[in-house]
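To start, the structure under review is shown below, and the notes come after it.
Whatever order the structure lists ligands and atoms in, that order sets their numbers, starting from 1. Note that these values count all heavy atoms, side chains included, but never hydrogens, waters or copies made by symmetry. All values derive from a computational prediction rather than experimental measurement.
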Amino acid sequence: MSSWWAAIHGYRHPVLDAALHAQVDRFAHVMFGGLTHAPAVELAELLTGITGFDRVFFADSGSVAVEVALKMCVQATGVPRVLTVRGGYHGDTAGAMSVTDPDGMHGLFRGHVVEQVFVSKPPSERHDGDLDEVRAALTRPLACVIVEPIVQGAGGMRWYDPTWLAELVGLARAAGVLVVFDEIATGFGRTGQLWGMDHAHVRPDVMCVGKALTGGTMTLGAVLTTDELGERIGGAFMHGPTFMANPLACAVARASVELLLDQDWRGTVGRISQELYDGLAPAADLPGVAEVRVMGAIGVIELEQDCDMSVLQPRLVAEGAWVRPFGRLVYTMPPYVCTTEDIAVITGAMVRALA
Ligand SMILES: *Cc1c(COP(=O)(O)O)cnc(C)c1O
């Protein structure tokens with residue numbers, strides 16, 4: 001599970017541990033309001049360098065990064081409402097929940113969670129008129145549209161057609177609506193491209209990263225944007241967390257991103273993808289299995305009905321793999337350090353436990 005898809009370099013990686021030790025010997029934390037420090041500057045330069053964005057806001061977690069992204073768009077436009085798609089997941093804080101699939105937690109928090117504008121899930125295959133709903137929604141006053149590029153993660157581990165995303169961005173731009181990409185699950189090579197958006201050759205106005213940003217060692221999110229949006233926000237952006245740009249998190253994030261970029265991650269993710277495909281394919285013939293699908297280093301067995309975790313998980317562990325199914329999904333997002341043998345253990349455990 002890579003600890004919820006974050007520990008891309010596995011556990012106790014010596015480079016990450018060394019970066020943390022080195023930073024703790026310098027200083028562990030200092031406030032980031034009106035002050036700056038090398039770990040944050042170096043990470044900001046690295047992230048803007050590899051994404052082409054101009055500005056970075058360091059948030060405490062993925063959910064907070066989403067809050068920050070939405071607030072940036074609201075502060076810049078003065079418009080409160082946000083457009084999104086069904087089937088998404090953007091985090092557990094109130095703003096992030098408001099753009100997460102309404103069939104999930106919304107019922108429990110009705111009245112507390114703001115009502116946003118939802119359109120249907122992005123289609124896995126294109127059909128005529130599959131952007132009509134978006135077109136109609138974009139006629140309303142909106143601060144932004146937010147989506148996970150290509151892969152909807154916790155909302156169902158499903159992927160959709162990149163041309164749909166490209167057209168969504170085109171329509172939003174034409175309507176003068178800002179575009180936010182949540183790359184918290186899809187970033188750092190997970191889908192086979194560095195970013196999910198690379199599949200569609202489009203760029204947003206704001207992008208959120210998190211999870212694998214620190215290689216799964218510490219909590220950190222980052223929100224990247226353009227000078228143009230920065231100017232529109234004007235003076236001070238109204239968000240200032242106490243532990244903003246925590247130096248330990250920034251130092252280990254820089255080490256993790258450099259470690260990723262210094263290796264043939266594309267080759268590794270491609271190999272893992274093939275091995276997941278080969279290893280999971282036999283599950284397609286099992287009774288109760290609806291679909292087996294693989295994208296990048298994401299392998300999914302979707303069942304026809306919700307699984308019984310209390311039965312399934314101990315069997316997976318007995319087969320040698322810690323996998324955490326949810327609902328109808330038995331899936332893996334393994335660390336990139338996995339060898340061919342490691343992947344065989346994981347896929348073998350999934351297929352045998354289900355059988
Ligand atoms: C995990 C996740 C979040 C929330 O990140 P946290 O660090 O858990 O707050 C937001 N968006 C997506 C796409 C995620 O996968």
Side-chain angles (χ1 to χ4, degrees), residues 1-8 47 57-73 82 84-102 104-106 109 113 116 118 121-122 144-160 165 179-191 193-200 204 206-224 239 241 243-246 248-250 252-253 256 295-298 300 324 326-327 329 331-335:
M1 300 305 294
S2 306
S3 285
W4 266 323
W5 336 328
I8 52 173
L47 292 176
F57 187 101
F58 289 116
D60 313 35
S61 68
S63 299
V64 177
V66 170
E67 299 289 337
V68 164
L70 299 180
K71 283 176 69 178
M72 280 180 176
C73 297
V82 171
T84 190
V85 293
R86 289 179 177 270
Y89 176 81
H90 296 285
D92 290 349
T93 52
M97 266 201 295
S98 78
V99 285
T100 288
D101 191 89
M105 290 181 285
H106 284 221
F109 299 101
V113 169
Q116 308 288 15
F118 284 87
K121 282 182 189 174
C144 62
V145 52
I146 180 170
V147 290
E148 295 156 274
I150 307 303
V151 175
Q152 294 189 302
M157 292 290 159
R158 62 181 291 275
W159 23 103
Y160 58 90
L165 181 67
V179 176
V180 180
F181 284 170
D182 179 347
E183 291 265 11
I184 292 166
T186 45
F188 302 107
R190 183 55 71 178
T191 67
Q193 300 284 347
L194 191 57
W195 311 111
M197 66 182 178
D198 295 346
H199 293 269
V206 184
M207 169 170 151
C208 303
V209 295
K211 286 202 165 91
L213 175 60
T214 63
T217 55
M218 295 195 64
T219 177
L220 184 70
V223 186
L224 294 139
H239 201 99
F243 291 101
M244 173 162 59
N246 173 255
L248 295 170
C250 288
V252 73
S256 175
M295 177 174 224
I298 310 171
V300 183
R324 189 170 186 275
F326 70 95
L329 303 169
Y331 75 98
T332 176
M333 288 172 75

**Closest candidate by heavy atom, reference atom 12 (C) of ligand 1, pool V99, V66, D182, T186** = D182
**Those atoms of ligand 1 less than 4.0 Å from some heavy atom in H90** = 10 (C), 11 (N)
**Request:** Evaluate the side-chain contact (heavy atoms from CB on, under 4.5 Å) criterion for residues T219 and N246: first the C-alpha distance (whole Å), next the side-chain angles of each, then the deciding distance (0.1 Å), finally the verdict.
**Result:** CA-CA 9 Å; T219 177; N246 173 255; over 6 Å; no
**Request:** List the closest protein heavy-atom neighbour of atom 1 (C) of ligand 1: residue, atom name, distance to the nearest 0.1 Å.
**Result:** K211 NZ, 1.5 Å
**Asked** Counting heavy atoms only, which part of Y89 comes closer than 4.0 Å to ligand 1: side chain, backbone, both or neither?
**Response** both
**Request:** Note the single closest protein heavy atom to atom 8 (O) of ligand 1, along with its residue, its atom name and the distance in Å.
**Result:** S63 OG, 4.4 Å
**Asked** When you look at V66 and I184, which way does the side-chain contact (heavy atoms from CB on, under 4.5 Å) test go after all the steps?
**Response** CA-CA 9 Å; V66 170; I184 292 166; 3.9 Å; yes
**Asked** Taking the side chain from S98 and the backbone from V113, do they hold a donor-acceptor pair closer than 3.5 Å?
**Response** no
**Request:** Check G95 against E67 and note the closest heavy-atom contact, atom names and distance.
**Result:** N-OE2, 2.8 Å
**Prompt:** Starting from atom 5 (O) of ligand 1, which protein heavy atom do you reach first, and at what distance in Å?
**Reply:** G62 CA, 3.2 Å
**Item:** ligand 1 contact by W5, heavy-atom criterion under 4.0 angstrom
**Value:** yes
**Message:** Any heavy-atom pair between the side chains of F181 and V206 that's under 4.5 Å?
**Reply:** no
**Item:** Among M207, R190, E148, K211, side-chain contact (heavy atoms from CB on, under 4.5 Å) partner for E183
**Value:** M207
**Request:** Heavy-atom contacts with G91 under 4.0 Å: which atoms of ligand 1 show up? List them by number with element.
**Result:** 4 (C), 10 (C)
